[in-house]
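Working notes for the structure below.
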Number of protein chains: 2
Amino acid sequence: MVRTSKAAQTSQSKAIEKPTEEFIYTELYNTICERQLLPKTKLGEAMLAEHYGVSRTIIRQVLQRLAGDRLVKLEPNRGAFVAHLTLKEAQQIYEAWRLVEAAIIREVVKTITPEQIASLRKLITAERKACDAEDYPLLTRLSMQFHTQLANLCSNQFLSRFLKEVIPQTALAYFYEVKKMPVCMKDEHGEILDLIESGDEEAAVAAAKRHLDGIEAALNAQASLDQQASLVDKLKLRVSSLS
Amino acid sequence: MVRTSKAAQTSQSKAIEKPTEEFIYTELYNTICERQLLPKTKLGEAMLAEHYGVSRTIIRQVLQRLAGDRLVKLEPNRGAFVAHLTLKEAQQIYEAWRLVEAAIIREVVKTITPEQIASLRKLITAERKACDAEDYPLLTRLSMQFHTQLANLCSNQFLSRFLKEVIPQTALAYFYEVKKMPVCMKDEHGEILDLIESGDEEAAVAAAKRHLDGIEAALNAQASLDQQASLVDKLKLRVSSLS
DNA sequence: CGCACCAAGCTTGTATACAATACCTGTATA
DNA sequence: TATACAGGTATTGTATACAAGCTTGGTGCG
């Protein structure tokens, strides 16, 4: 059982406190977003229950919540799996993202405060650091956070919620390990933020569009590699069945 | 226990089949959308479990799913309640709706087939019938169905899913009984469909915008009545506490 | 050799028992 | 009379036991 309490816990019978449902949910949520858990991975209830030292009841609730976020797919009588996106679905996601991101930026340009800009800049600095350190899980999370934090500045909680639900799903678009999630390239977040600060609505929207287009283009490039990998997998399977 | 099987069931011990989770979910979902269950209504687990003749386990799953749809609010250690929207939130919903509805119509205009148009017209006929029969719960559901079915024609499942999640939530905007949900007025759905059929993108989008503006205006008008009703409630409470 | 079938084991689905928490009512006191 | 507290009641939260279903590996037959 994993120990979750913050303190070091003096080894001795000190009553290990159980992780809350919220904690387990957040951990799995982040792990999937960071692509530590790849799409199609099976999430067995008994396995998770033992790992966290809670009953299956809790795990089931967590899996249901993640299914609501579309990060997990529940198959009746078969269990829970990390969800995955086809290339077509991924393209749809980016199209929806562009639409809503533009609407949000148009509003945010008019209402953003210096404090909010400073907060976003801090995030960009952290991104750059993670990029230099080649800590790609962290970078992935920070990149998403830039967009979700931007969405949060929108007064329309339904639009911002939509983005906050859609963005994590982009992590489900690759079946195979990728060294670098193509969010973050160069310093596009910084460029977008500069334009937002300058108050130039159309330029900021255009930059955001280019940014998302770029991510999607990288996705398309990756897709052919994925197909190749998929083919290799199938061949391996066929070979192993010969032995 | 409520009997859910379709057949008449020959009274005698014929083994009453239990309603599935899906059935209970759909029933509660529709009931909330139709405003048979008003916002803030408490949804007790034991009560529902007995009513449907299943264990609380099933009911909890249903309530969690409904919470994922934002139709139900779960309060820790206090239970589940039909969710409700403030006036401000309702206005945000309509703004988001307008944005996405426009995007969807722009695409649907270009791809809709005669069969799809016929299917939507059938729905409009049913609406008119329900309106004449003054069956407002049915009318409410049919009106929503017009919009969700239109959304379904969009090739982008993420945009259509967004609308399908947002539309039911508009039912949560009134605390007090209203004779007539202000979706459907006159024959606006018919007008929108005609314009879509004609292929005039901008006119169809404009008509849809007007339609949603109209609904929102009716909401704002209702809001002051609600406030009044709310005041009456508070007075009643104060009076009853005097006895 | 290949395919179909069957049984054991494992995983998920459901009900229930018990624990923890919140709510309500009645009583005592200022 | 109003308020604060305490006990009992009702409701939700969690764990566990059992039922139902899928998966898999083996066996037999074509």
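The sequence lines fix the lettering, A, B, ..., with proteins before strands; numbering per chain opens at 1. Since this is a predicted model, take the numbers as computed values, not measurements.
A straight line from CG of A:Leu48 to P of C:dT12 spans 9 Å, rounded to a whole angstrom. Regarding A:Asn77, its CG atom lies at a distance of 9 Å from the P atom of D:dT23, rounded to whole Å. In this structure, CG of B:Leu74 is placed 16 Å from C1' of C:dA22, rounded to the nearest angstrom. B:Glu75 places its CD atom 14 Å from the C1' atom of D:dT11, with the value rounded to the nearest Å. Atom CZ of A:Phe81 and atom P of C:dT11 are 12 Å apart (whole Å). For the pair A:Glu22 CD and D:dG13 C1', the interatomic distance rounds to 15 Å; values are reported in whole Å. Straight-line distance from the CD atom of B:Glu45 to the C1' atom of C:dA20: 14 Å, rounded to whole Å. Taking atom CD on A:Glu21 and atom P on D:dT12, their separation rounds to 16 Å, with Å as the unit.
At a cut-off of 3.5 Å, with distance as the only test, no side-chain donor of B:Gln92 or A:Ser155 sits close to an acceptor on the other residue. A donor and an acceptor atom, one from each side chain of B:Tyr25 and B:Asp69, are located under 3.5 Å apart. For the residue pair B:Gln91 and B:Glu216, no side-chain donor N or O sits within less than 3.5 Å of a side-chain acceptor on the partner.
For residues 58-69 of chain A, proximity to DNA chain D is found at A:Ile58, defined as any non-hydrogen atom under 4.0 angstrom from a strand atom.
The environment of NZ in A:Lys42 is crowded: more than 12 heavy-atom neighbours from other residues, nucleotides or ligands sit within 6.0 Å.
Nearest-nucleotide positions on DNA chain D place B:Lys42 closer to the 5' end than the other of A:Arg56 and B:Lys42. With the nearest nucleotide of DNA chain C identified for both A:Gly79 and A:Thr57, A:Gly79 has the one nearer the 5' end.
Judged purely by atom type and a 3.5 angstrom limit, B:Thr31 uses its side chain to pair as donor or acceptor with the backbone of B:Glu27.
Side-chain contact between A:Leu150 and A:Glu101 is present, with at least one heavy-atom pair separated by less than 4.5 Å.
Looking at B:Glu127 and B:Lys122, no side-chain N of the basic residue comes within less than 4.0 Å of a carboxylate O on the acidic one, giving no salt bridge.
Between the side chain of B:Arg78 and the base of D:dG13 there is no donor-acceptor pair of N/O atoms closer than 3.5 Å.
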